[in-house]
Asks: 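The structure that follows is given in the form of structure tokens.
Counting starts at 1 for both ligands and their atoms, following the listed order. All values below were derived from every heavy atom in this structure, side-chain atoms included, with hydrogens, water molecules and symmetry-related copies excluded.
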Amino acid sequence: MEAAGDLPQGCAPAREAEEPPGAPALPAEEPPGQEVPPAEAGRERGRGRRGAGPQGPPGRGARGRGRRAPGRRGGDDGGRAGRRPRVTVDSSKAKTSLEALKISLRQLRWREFPFGRRLPCDIYWHGVSFHDNDIFSGQVNKFPGMTEMVRKITLSRAVRTMQDLFPLEYNFYPRSWILPEEFPLFVDEVRMMKDSDPSWKPTFIVKPDGGCQGDGIYLIKDPSDIRLTGGIRPAVVQEYICKPLLVDKLKFDIRLYVLLKSLEPLEIYIAKDGLSRFCTEPYQEPTLKNLHQVFMHLTNYSLNIHSGNFVHSDNANTGSKRTFSSILCRLSSRGADVKKLWSDIISLVIKTIIALTPELKVYYQSDIPAGKPGPTCFQILGFDILLMKNLKPMLLEVNANPSMRIEHEQELSPGVFENVPSPVDEEVKVAVIRDTLRLVDPQKKKRKDIQCQALEQVSEAKEEALEVPPEQDTSRAPEPGLPSLCLKQVFPKYAKQFSHLQLVDRVAALFIRFLGVRGTTKLGPTGFRTFIRHCKLSNSNFSMASVDILYIDITRRWNSMGIDHKESGMCLQAFVEAFFCLAQKKYKSLPLHEQVGSLVGFCEYHLAALDEKRQVCGRGAAERRAAVGAGQTDGLHLAPAAHPPLLSRTAVATKLTDGRSHRY
Ligand code: ADP
């Protein structure tokens with residue numbers, strides 16, 4: 001399966017991402033009286049956020065709209081009457097992405113609030129994580145739970161679940177074991193593989209959980225080489241990719257920027273250009289002698305910057321950090337199929353995000369429960385990808401907080417460092433931030449909504465012209481001086497090719513439905529029992545006592561190895577395991593993904609029938625109440641309730657149930 005690769009062409013000019021020449025730099029300051037002085041920033045910021053003032057309108061649909069005091073709009077947005085208000089961005093928590101953000105905001109002529117703002121902003125730009133319970137409206141550039149989701153162990157688990165279901169589709173992630181709990185399995189599997197193929201001389205890479213920038217990473221040749229100081233630390237041990245693609249005899253990896261614009265519905269964009277980070281020692285396949293040479297095996301910028309061979313370059317095609325497009329250009333000139341490579345990269349990104357979304361949705365509903373005011377989220381992710389010699393892309397990791405620094409440290413003289421601008425970083429990162437903002441622009445959305453309303457009115461009035469004339473179509477208004485977007489949509493654009501993989505998402509939807517109390521991420525025993533009952537999964541072969549045993553067994557095991565002990569109960573991954581177990585029992589002879597698919601369908605079907613029944617009962621009761629009320633008040637006759645569509649669907653439902661085998 002391949003995603004059509006109309007994305008970055010091999011030699012797409014990296015310059016496309018440049019700051020438009022002559023774009024006037026607008027001052028970012030507030031008009032007098034609007035800016036919050038630094039000392040007051042923390043206190044003042046609270047006022048426009050959660051817990052302060054009137055709540056935003058309930059329901060998620062309303063969240064995108066910030067709350068503004070009536071009559072103050074022009075003043076707040078720094079615009080005069082009649083002018084379009086500028087988008088407001090709170091950059092007080094932007095941290096190391098601040099410089100790139102500032103340049104982007106100047107290019108867009110948006111309004112920056114570097115110390116926060118009394119009133120809500122349209123966008124809150126956070127440097128690290130979502131972590132802000134005060135925001136009730138607007139958009140935040142982080143999803144709750146993303147940092148936890150992309151930790152090495154959590155990511156490996158999420159991908160493993162998908163590998164269990166779709167082994168061939170998820171072969172872009174190296175074989176991994178989670179330490180300490182899978183250490184015995186690691187030892188056994190390696191021994192077995194070595195026994196069956198004595199010529200196999202593997203190397204493994206051990207990566208501490210929660211580590212970054214190459215910290216604590218080391219290579220080993222045998223499971224017995226795992227460092228045991230103070231017991232086995234939580235880590236992922238992975239098969240080392242021994243034959244990476246080399247450029248100038250050096251190993252390199254790719255940092256690609258991916259925008260998760262929305263979780264529900266899923267919307268993914270990929271930046272047309274990324275960065276290639278180079279090792280600083282010529283590569284040799286791992287041997288016992290060179291295993292410790294980090295400048296040869298690890299591509300981390302933070303490590304290689306300390307090598308005497310590191311080359312800073314203002315040119316995107318040379319040096320130890322280059323644009324990815326420059327590499328593609330080189331590969332293309334060597335005759336490589338760059339289109340296929342892009343297509344594989346798009347698949348890898350979409351599949352990885354599909355693996356992450358189920359748990360992200362659990363975090364999301366816990367932090368921002370449906371029906372309560374809160375912000376919407378989007379997030380730029382950093383995908384680290386290694387190309388194998390045969391050009392197959394392999395996922396190394398996902399960064400929830402990719403560095404958006406646009407300068408680097410340079411050693412002027414021994415021991416004396418200075419931060420100097422890095423044109424390569426600026427070129428790629430400013431474009432990614434600016435175009436992310438363009439894509440989430442709340443005013444564009446408003447203009448679109450207005451346009452839709454206008455269109456509806458026009459069609460209602462049965463006027464001839466069904467299209468808004470170009471001069472009125474503000475959503476298509478050109479953004480003067482800005483280059484075309486560097487972010488390209490890949491989902492839902494290619495959704496059809498990947499929708500079959502969204503199976504665990506459907507399992508997560510069942511899990512969320514039975515979570516019950518808002519704000520939790522774990523399912524209690526009662527919730528699990530209700531799930532079994534409502535989905536009609538218990539029968540004479542599978543009693544409720546067995547249900548309880550299944551719950552206790554799986555939950556206990558997951559909680560004994562879990563990092564999160566804050567809440568008791570069954571986490572999503574444990575629920576998924578229980579669900580797979582039930583699916584295997586029920587649909588014995590099918591492959592796992594079909595077993596799970598069948599069980600999900602079975603559950604969804606019964607829940608839909610239940611919902612329908614409740615709706616009918618609810619309506620019946622309401623009508624009875626209304627009839628009684630009407631009889632008592634004005635004596636009007638009610639028309640008899642008619643639910644033919646509901647009844648016929650229920651009849652179909654009964655047929656389907658009868659036709660299925662649901663014995664364990
Ligand atoms: P960190 O978050 O500490 O940077 P990574 O998983 O990105 O951890 O690994 C660090 C570096 O190690 C990568 O940039 C890459 O060069 C190398 N690396 C990681 N995993 C593998 C692997 N399975 N095979 C080959 N090289 C790897």
Asks: For ligand 1, which part of Lys207 has a heavy atom less than 4.0 Å away: the side chain, the backbone, both, or neither?
Replies: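 Within the 4.0 Å criterion, Lys207 contacts ligand 1 through side-chain atoms alone.
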Asks: Ion pair present between Asp505 and Lys361, side-chain N to carboxylate O less than 4.0 angstrom?
Replies: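 Yes.
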Asks: Quick one: which ligand 1 atoms are inside 4.0 Å of a heavy atom on Gly211?
Replies: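 What qualifies from ligand 1 is 2 (O).
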Asks: Measure the shortest side-chain to side-chain distance between Val420 and His312 over non-hydrogen atoms and say whether it is less than 4.5 angstrom.
Replies: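 When only atoms from C-beta onward are counted, His312 and Val420 do not touch, as no gap falls below 4.5 Å.
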Asks: Tell me whether Thr376 contacts the main-chain N or O of Gln139 through its side chain, where contact means a donor paired with an acceptor under 3.5 Å.
Replies: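 A pair under 3.5 Å: no.
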Asks: How far is atom 12 (O) of ligand 1 from the closest protein heavy atom, and which atom is that?
Replies: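 Going atom by atom, the protein heavy atom closest to atom 12 (O) of ligand 1 ends up being Leu298 CD2, 3.2 Å.
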Asks: Measure the distance from atom 3 (O) of ligand 1 to every protein heavy atom, then report the residue, atom name and distance (to 0.1 Å) of the closest one.
Replies: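 The protein heavy atom lying closest is Gly214 N, 2.7 Å.
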Asks: Counting only heavy atoms closer than 4.0 Å, does ligand 1 sit against the backbone of Asp253, its side chain, both, or neither?
Replies: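 It is the side chain that gets close, since no backbone atom is under 4.0 Å.
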Asks: Between Ile433 and Lys429, is there a side-chain heavy-atom distance shorter than 4.5 Å?
Replies: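 They are not in side-chain contact.
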Asks: Any idea which atoms of ligand 1 are less than 4.0 Å away from a heavy-atom of Pro174?
Replies: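 Going through ligand 1 atom by atom, the ones under 4.0 Å from Pro174 are 23 (N).
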Asks: Which ligand 1 atoms are under 4.0 Å away from a heavy-atom of Ile241?
Replies: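 Every atom of ligand 1 under 4.0 Å from some heavy atom of Ile241: 22 (C), 24 (N), 25 (C).
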Asks: Any nitrogen or oxygen of Tyr240, side chain or backbone, less than 3.5 Å from one on ligand 1?
Replies: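 In this structure, Tyr240 places no N or O atom under 3.5 Å from an N or O of ligand 1.
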Asks: To the nearest 0.1 Å, how far is atom 16 (O) of ligand 1 from its closest protein heavy atom, and which atom is that?
Replies: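 Answer for atom 16 (O) of ligand 1: Thr299 OG1, 2.6 Å.
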Asks: Relative to the heavy atoms of Ile205, which atoms of ligand 1 are at a distance of less than 4.0 Å?
Replies: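 Atoms satisfying the 4.0 Å criterion: 12 (O), 18 (N), 19 (C), 20 (N), 21 (C), 22 (C), 23 (N), 27 (C).
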Asks: For Gln213, which part has a heavy atom under 4.0 Å from ligand 1: side chain, backbone, both, or neither?
Replies: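 The answer is the backbone.
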Asks: When the ring planes of His297 and Tyr283 are compared, do they come out parallel, tilted or perpendicular, using 30° and 60° as the limits?
Replies: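 Taking Tyr283 first and then His297, their aromatic rings stand perpendicular (interplane angle over 60°).
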Asks: Tell me the protein heavy atom at minimum distance from atom 10 (C) of ligand 1, and give that distance in Å.
Replies: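 Result for atom 10 (C) of ligand 1: Asn300 OD1, 3.2 Å.
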Asks: Give a yes or no on whether a salt bridge exists between Arg330 and Asp248, defined as a side-chain N under 4.0 angstrom from a carboxylate O.
Replies: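 Counted as a salt bridge, because a side-chain N and a carboxylate O are separated by less than 4.0 Å.
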Asks: Which part of Lys251 is near ligand 1, with near meaning a heavy atom under 4.0 Å away: side chain, backbone, both or neither?
Replies: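 The side chain, only.
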Asks: Please identify which atoms of ligand 1 are closer than 4.0 Å to at least one heavy atom of Ile217.
Replies: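 The list of qualifying atoms is 3 (O), 8 (O), 9 (O), 10 (C).
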Asks: Please confirm whether the backbone N or O of Leu348 pairs with a side-chain atom of Thr352, one donor and one acceptor, at under 3.5 Å?
Replies: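 Yes, the answer is positive, given that a donor and an acceptor are paired below the 3.5 Å cut-off.
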Asks: Side chain or backbone of Leu386 under 4.0 Å from ligand 1, or both, or neither, by non-hydrogen atoms?
Replies: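 Within the 4.0 Å criterion, Leu386 contacts ligand 1 through side-chain atoms alone.
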Asks: Is it the case that Lys321 places NZ or CZ above or below the six-membered ring of Tyr301, under 6.0 angstrom from the centre and within 45 degrees of the axis?
Replies: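 Geometry flag: set, cation within 6.0 Å and 45°.
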Asks: Checking side-chain hydrogen bond (donor to acceptor under 3.5 Å, both in side chains) against Ser176, which of Glu182, Arg160, Gln238 comes through?
Replies: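 Going through Glu182, Arg160, Gln238 one by one, the side-chain hydrogen bond (donor to acceptor under 3.5 Å, both in side chains) with Ser176 is satisfied by Gln238 alone.
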Asks: In the protein, what heavy atom is nearest to atom 21 (C) of ligand 1, and what distance, to one decimal place, separates them?
Replies: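 Ranking protein heavy atoms by distance from atom 21 (C) of ligand 1, first comes Leu396 CD2, 3.5 Å.
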Asks: Should the ring pair His126 and Tyr124 be called parallel, tilted or perpendicular, given that the plane angle runs from 0 to 90° and is split at 30 and 60?
Replies: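 Perpendicular, since the angle between the ring planes exceeds 60°.
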Asks: Among all protein heavy atoms in this structure, tell me which lies nearest to atom 2 (O) of ligand 1, with the distance rounded to 0.1 Å.
Replies: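 The answer is Glu397 OE2, 2.6 Å.
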